[in-house]
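Only one structure is covered here, and it is reproduced in the block below.
When a ligand or atom number is given, it counts from 1 through the structure's own listing order. In this chain, numbering begins with 1 at the start of the sequence shown. Values reported hereafter were calculated over all heavy atoms of this structure, with side chains retained and with hydrogens, waters and symmetry mates removed. Please read these numbers as outputs of a predicted model, since none were measured by experiment.
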Amino acid sequence: MKKIWITGSRGRTGQALMSLLDVVEYEIFDTDKDEVDITDENQVYSFIKMNRPDVIINCSGFHEKTGSLKENVDHSYDVNAVGARNLAQAAEHINAKLIQLSTDDIFSEKSETPYNEFDFPKPEGIYAKSKYAGERLVRELMNRYVIIRSSWVYGIGTDFVDEVIEAANDENVDTLVLDDNAYAVPTSAEELAKIIKIFIDGEHYGIYHAVCSGGSCSRLEFANTVLEYTGLENKLKVVLKEGAKDKYSVLDNMMLRITGLPIPADWRVTLKKYIEETGENQ
Ligand SMILES: NC(=O)c1ccc[n+]([C@@H]2O[C@H](COP(=O)([O-])OP(=O)(O)OC[C@H]3O[C@@H](n4cnc5c(N)ncnc54)[C@H](OP(=O)(O)O)[C@@H]3O)[C@@H](O)[C@H]2O)c1
């Protein structure tokens, strides 16, 4: 039976993986930062030596809210880069596979076409820079790695979908103002978990983009689609902040496509299903 270690298991992706993976098929170790803090090298090594997982899935992450604060900058690099390094070193030590999750945010330049795995990243902002540093450390320190980049992940927990619904249900709020004119692809944690499972089971390595299909959208369209599917469209107006900057980080699932691996389902279909299943409208 394959031994799987999920770090950051109480986050959106961690929880989706926990629901998807069958305990009859795998022996699963799930930890979050109060059990194993991935920034602590000793904790990571002790856990690895004791449990000897075959596959480690790093679902941990820190997304700073106020990136200019020095302690948040340090903490971002500690979790997103040093944490990834600690897992990579330990995984290599026991020849385990590491599945490292990363983000569309590492791309920032305007583009006419979605970014594929061979495009050169240009991370801007502390979150993006620290996640990219994590990717680089994983690549430098080990052989059996998979880096999966995704975007606008929603699922159990608090995310953009909740933010929109909460604002729509708040009688004191009639307008939601978006800071950026951002374009990417909404991806359900459930669809992302299905892709991660393929990499747990198979022997495919390298960098892969994994976002829902059906094309990209703007944050504005994402918010309005949430309102439409929840029947809350008359309760909230979503607008862009004056002078909102354009942001384009649409990912192309090129590696999944050309290597014949399954592609995540359509973002509108999965969003609708998610809202129906979770009753996310109040
Ligand atoms: N959400 C997105 O839109 C998105 C898009 C692309 C890529 N990603 C990446 O995909 C991964 C999973 O994303 P997600 O949205 O599922 O994340 P999430 O919901 O924010 O969950 C991350 C989990 O990691 C835990 N954590 C934080 N610091 C840790 C540490 N030092 N040691 C162990 N665990 C720690 C967090 O605990 P606390 O909550 O207690 O801090 C949380 O439970 C992350 O690496 C993220 O960067 C996310």
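With salt bridges taken as basic N to acidic carboxylate O contacts below 4.0 Å, none links Glu92 and Lys97. With respect to Glu191 and Lys194, a salt bridge is recorded, a charged nitrogen being found less than 4.0 Å from a carboxylate O. Look at Glu124 and Lys122 and you find a salt bridge, because one of the NZ, NE, NH1 or NH2 atoms lies within 4.0 Å of a carboxylate O, short of that distance. Ion pairing of Lys131 with Glu135 is absent here, as no side-chain N (NZ or NE/NH1/NH2) approaches a carboxylate O to less than 4.0 Å. Under the 4.0 Å criterion applied to side-chain N and carboxylate O atoms, Asp170 and Lys235 are not assigned as salt-bridge partners. Salt bridge Lys241/Asp180: absent, no basic N to carboxylate O contact under 4.0 Å. Asp104 and Arg149 are not joined by a salt bridge, as no carboxylate oxygen comes within less than 4.0 angstrom of a charged side-chain nitrogen. A salt bridge links Arg10 with Glu35: the closest approach of a Lys/Arg side-chain nitrogen to an acidic carboxylate oxygen falls below 4.0 angstrom. Salt bridge annotation for Arg144-Glu203: present, with a cationic side-chain nitrogen under 4.0 angstrom from a carboxylate oxygen.
In this structure, Tyr145 has its ring center at least 6.0 angstrom away from the ring center of Tyr205.
Ranking protein heavy atoms by distance to atom 7 (C) of ligand 1, first place goes to Ser102 O, 3.0 Å. The shortest contact between atom 13 (O) of ligand 1 and any protein heavy atom is with Thr13 OG1, 3.7 Å. If you check which protein heavy atom lies closest to atom 36 (C) of ligand 1, you get Asp32 OD1, 3.6 Å. Residue, atom and distance of the protein heavy atom nearest to atom 10 (O) of ligand 1 are Leu101 CB, 3.5 Å. Among protein heavy atoms, the minimum distance from atom 47 (O) of ligand 1 is reached at Tyr127 OH, 2.6 Å. Protein heavy atom nearest atom 22 (C) of ligand 1, with residue, atom name and distance: Cys59 O, 3.5 Å. Considering only non-hydrogen protein atoms, atom 4 (C) of ligand 1 sits nearest to Val153 CG2, 3.7 Å. The closest protein non-hydrogen atom to atom 32 (N) of ligand 1 is Ile38 N, 3.1 Å.
When non-hydrogen atoms are compared, ligand 1 lies under 4.0 Å from the side chain of Lys131 (C-beta onward) but not from its backbone. In Phe160, neither the side chain nor the backbone holds a heavy atom less than 4.0 Å from any atom of ligand 1. Of the heavy atoms in Phe62, none comes closer than 4.0 Å to ligand 1. At a heavy-atom cutoff of 4.0 Å, ligand 1 is contacted by the side chain of Val79 but not by its backbone. With a 4.0 Å cut-off on non-hydrogen atoms, Asp105 does not touch ligand 1 at all.
Among Glu35, Gln43, Lys33, the residue whose heavy atom lies closest to atom 40 (O) of ligand 1 is Lys33.
Residue Asn58 has no nitrogen or oxygen atom sitting less than 3.5 Å from a nitrogen or oxygen atom of ligand 1, judged on distance alone. Checking only distances, Arg12 does come within under 3.5 Å of ligand 1, N or O to N or O. Not one N or O of Gly14 is nearer than 3.5 Å to an N or O of ligand 1, by distance alone.
Between Phe29 and Ile6 there is no side-chain heavy-atom pair separated by less than 4.5 Å. The closest side-chain heavy-atom distance from Leu256 to Ile198 is not below 4.5 Å.
For Met50, the CE atom sits in a loose shell: 12 or fewer heavy atoms of surrounding residues, nucleotides or ligands are nearer than 6.0 Å.
Within ligand 1, the atoms closer than 4.0 Å to a non-hydrogen atom of Asp37 are 30 (C), 31 (N), 32 (N), numbered from 1 in the order shown. Atoms of ligand 1 found under 4.0 Å from any heavy atom of Trp152, numbered from 1 in the order shown, are 3 (O). Of all the atoms in ligand 1, the ones that sit under 4.0 Å from a non-hydrogen atom of Ser150 are 5 (C), 6 (C). For ligand 1, the atoms sitting less than 4.0 Å from at least one non-hydrogen atom of Val36 are 32 (N), 33 (C), numbered in the order shown with element in parentheses. Ligand 1 places these atoms under 4.0 Å from at least one heavy atom of Arg10: 43 (O).
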